[in-house]
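The next block holds one structure in the form of structure tokens; read it before the comments.
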Amino acid sequence: MLAITWLGIGSAGAWFVIAAVWLIVMEYVRGRPSTSSRASVILKCVVPLVTIALGLIGVWILGQSGTTNGQTGVATVFIAETHRYRPASLNGNHPALSVKAGRHMIETTSRNELWESNIPKPLFCIAANGKTDYRIVVPSEPTSTERIAAAELAKYLELISGIEFEVVDDASPQTDAEIVLGFGSRTDTLLPGYDYSELGHDGFIIKTIGTKLILAGGKKRGTMYAVYSFLEDYLGCRWWTPQEELVPARQVIEILPIDRKDIPTFISRDTLCISNREGGNNWPIKHKLNGTGTAVTDDQGGKVRIYPGGHSFSALIDPKEHFDQHPEWFAMIDGQRQPYQLCTSNEEVIRKCIETVKRWIVENPDIDIFSVSQDDGPGFCHCPDCMAIYVEEGMLYRPNPMGGQLRLANRIAEAIEEEYPNKLIHMLAYFFTVNPPTKTKPHKNILVRLCDYESCMSHPLVDCAYPVAAENTFPRRFVSLVRRWGELSDRVFVWDYLTNFHNYLQPLPNFHVMQKDVQFFAENHVVGIYMQSVYGAGAKGGFQDMRNYLSAKLMWDPYYDFERSMDEFLAFYYGTSAAPLLKQWIKFMEMHVTENNFHYGMYFTPNGRMFTKEFLDTGESLISQAERLAENETFRQRIHYELLAITYVRLQRMPFDAPNRQERIDAFFKEMESYGVNCLNEGVPLETVRNSMETGQFIDDDPFWKYDP
Ligand SMILES: [Zn+2]
Ligand SMILES: [Zn+2]
């Protein structure tokens with residue numbers, strides 16, 4: 001509208017000029033050279049020229065901006081988000097909508113550019129300029145998660161568009177303008193004969209049919225996940241941390257054709273980190289986390305729980321209760337029965353374990369997985385019967401104690417399968433039971449969990465042959481274990497690690513590893529992942545919130561656009577000015593460990609050879625530059641915490657004669673206090689870390705990395 005006004009002014013200006021020139025020429029022709037005052041000349045010449053200039057600006061604006069929007073009848077200047085915040089939908093995967101405005105980082109795009117792209121024509125519009133005809137329709141007897149889905153959809157649609165969406169149940173008369181949530185009588189009509197059991201507990205569909213949008217999934221959690229995926233992938237919402245979110249404001253929400261079905265690779269998705277463990281603002285369900293360490297309630301669909309936890313022999317038969325009367329039920333070690341671990345070949349033990357597991361199932365009807373696994377620590381039964389089994393199940397007569405554990409677990413699995421076909425028996429392949437047996441295969445309702453405590457963390461599993469916990473292992477052992485167990489069972493879970501447990505804050509170059517490893521698991525029959533990261537209250541590692549966010553994203557889709565997501569997070573969380581420098585630092589770390597073949601595990605120390613002078617100086621320079629560019633104090637503080645990761649390494653290696661040694665250590669811990677950080681080493685008080693700096697625990701004379709003040 002504005003552009004048309006400008007054009008009008010411009011045209012009028014042109015007529016003014018013609019008229020003014022005509023009048024002046026006529027005055028000369030009539031031989032009456034101007035007696036007009038200077039003011040009159042200005043009026044006749046300058047005003048029309050200014051007017052025509054304004055007109056030309058109007059024409060230029062018109063060319064830049066576009067014209068009337070056919071949908072709403074209102075002139076719309078198209079504003080699209082920048083590449084960083086461009087919803088996945090606009091990048092080709094999930095075609096979605098035209099965008100009126102984004103809260104962050106908006107830039108204008110000409111209408112022509114949008115016309116020339118391949119975005120399909122919108123099917124319908126669920127919100128425009130403060131109005132909607134659309135209602136959210138839920139099944140008449142909704143589950144608790146379908147209720148949450150409806151409430152969250154209404155809440156975010158209102159935040160996005162400013163419009164209140166009414167929620168009705170599917171007993172109400174059908175209209176054309178409906179967002180249908182969950183499988184109920186509406187989907188029976190719209191998708192006749194569709195068997196949604198293929199979606200399991202968590203899978204979902206997002207689908208347009210005519211002018212209706214369907215967001216529906218498995219009864220346990222699927223519909224709720226469909227809503228969050230719709231908000232995230234089609235409307236551009238992001239949930240960075242439990243406290244920080246991005247909700248782009250839009251006046252027009254147009255829906256393009258969508259036909260999407262998600263069934264997750266991993267049935268159990270868990271990250272042991274603060275965001276997931278403490279939750280808040282539905283962060284765990286927004287990221288579709290459902291593992292045992294996830295802060296979700298039963299109303300939110302519950303979680304995949306393993307009862308009574310990983311290690312369970314002493315819970316199956318308690319040595320305190322039974323050892324005195326039945327020492328033969330427990331492990332024989334060095335010729336003596338000991339009050340720990342079980343004698344897995346003993347028929348009474350097997351009978352008692354079956355009895356206990358059946359009791360657990362009855363007592364815990366909501367739990368699907370029950371553990372039959374050795375207790376933590378060393379020691380397995382060496383009685384002649386058990387030893388005979390280990391030899392039968394070993395390779396080249398090397399006894400394999402997993403044989404004993406698996407045969408016990410198989411007996412229990414067989415005993416429950418008829419009565420409880422949906423229940424699973426969980427078994428750790430861990431420590432002395434890590435190798436698959438050569439003879440017996442896991443029964444079909446057995447779930448095997450492997451634990452990767454020995455692999456190098458600086459390179460993807462498939463690219464690195466170097467085991468860092470090298471005492472009794474061989475190159476690529478974990479890769480080989482995953483493949484071998486994956487061939488025996490369709491139910492392999494993996495416990496993986498995502499931090500340095502002794503030095504949370506130390507730089508941890510593993511962003512380039514995360515996705516490749518998860519993809520390797522997905523391709524080798526792994527169906528559950530537990531990623532243990534920094535989890536204690538007051539504990540915080542470098543780039544911690546981003547690591548939590550990205551690992552959660554990988555759990556749902558191992559093939560999602562990891563790099564783009566990292567760019568988005570950096571830009572939002574640290575600011576757009578600092579983001580490229582921080583990305584450069586992350587990429588430098590990756591190059592450094594890749595090109596120089598630095599390997600490290602989950603306990604690597606500050607005097608590791610990886611921390612060269614060049615490495616520390618580069619980190620300091622890039623992060624300091626980023627800090628100087630911070631757009632506000634919140635961003636600056638977050639960037640500064642990344643700088644403290646470098647300071648941490650420098651201080652741990654600072655020689656005793658370094659200037660102001662004690663003052664620098666004191667200043668570091670004062671900063672930790674200001675960030676509310678009270679833990680930098682798993683389960684160890686901060687004072688112990690201070691002590692290691694003060695006593696120079698990691699000062700080393702190796703000239704390769706010698707500290708250089
Ligand atoms: Zn035994
Ligand atoms: Zn390596």
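The structure displayed is predicted, hence computed values, not measured ones. Read the numbers this way: they start at 1 and go in the same order the structure lists the ligands and their atoms.
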Salt-bridge present (Glu487, Arg484; N to O < 4.0 Å): no
Residues Arg359, Glu363: salt bridge by 4.0 Å N-O rule: yes
Axial cation check for Tyr573 ring with Arg638, 6.0 Å and 45° limits: yes
Pi-cation contact, Tyr675 with Lys540 (under 6.0 Å, within 45°): no
Opening angle at the Zn ion (ligand 1) [SG, Cys383; SG, Cys343; to 10 degrees]: 110°
With the Zn ion (ligand 1) as the apex, the SG/SG angle for Cys386 and Cys381 - to 10°: 110°
From CA spacing to verdict: salt bridge (Lys or Arg N to Asp or Glu O under 4.0 Å), Lys553, Asp561: CA-CA 9 Å; Lys553 287 268 145 280; Asp561 194 340; over 6 Å; no
Under 2.8 Å: N/O/S of His382 next to the Zn ion (ligand 1): no
Opening angle between SG in Cys456 and ND1 in His459, taken at the Zn ion (ligand 2), to 10 degrees: 110°
Heteroatom of His599 nearest to the Zn ion (ligand 2) (N, O or S, atom name): ND1
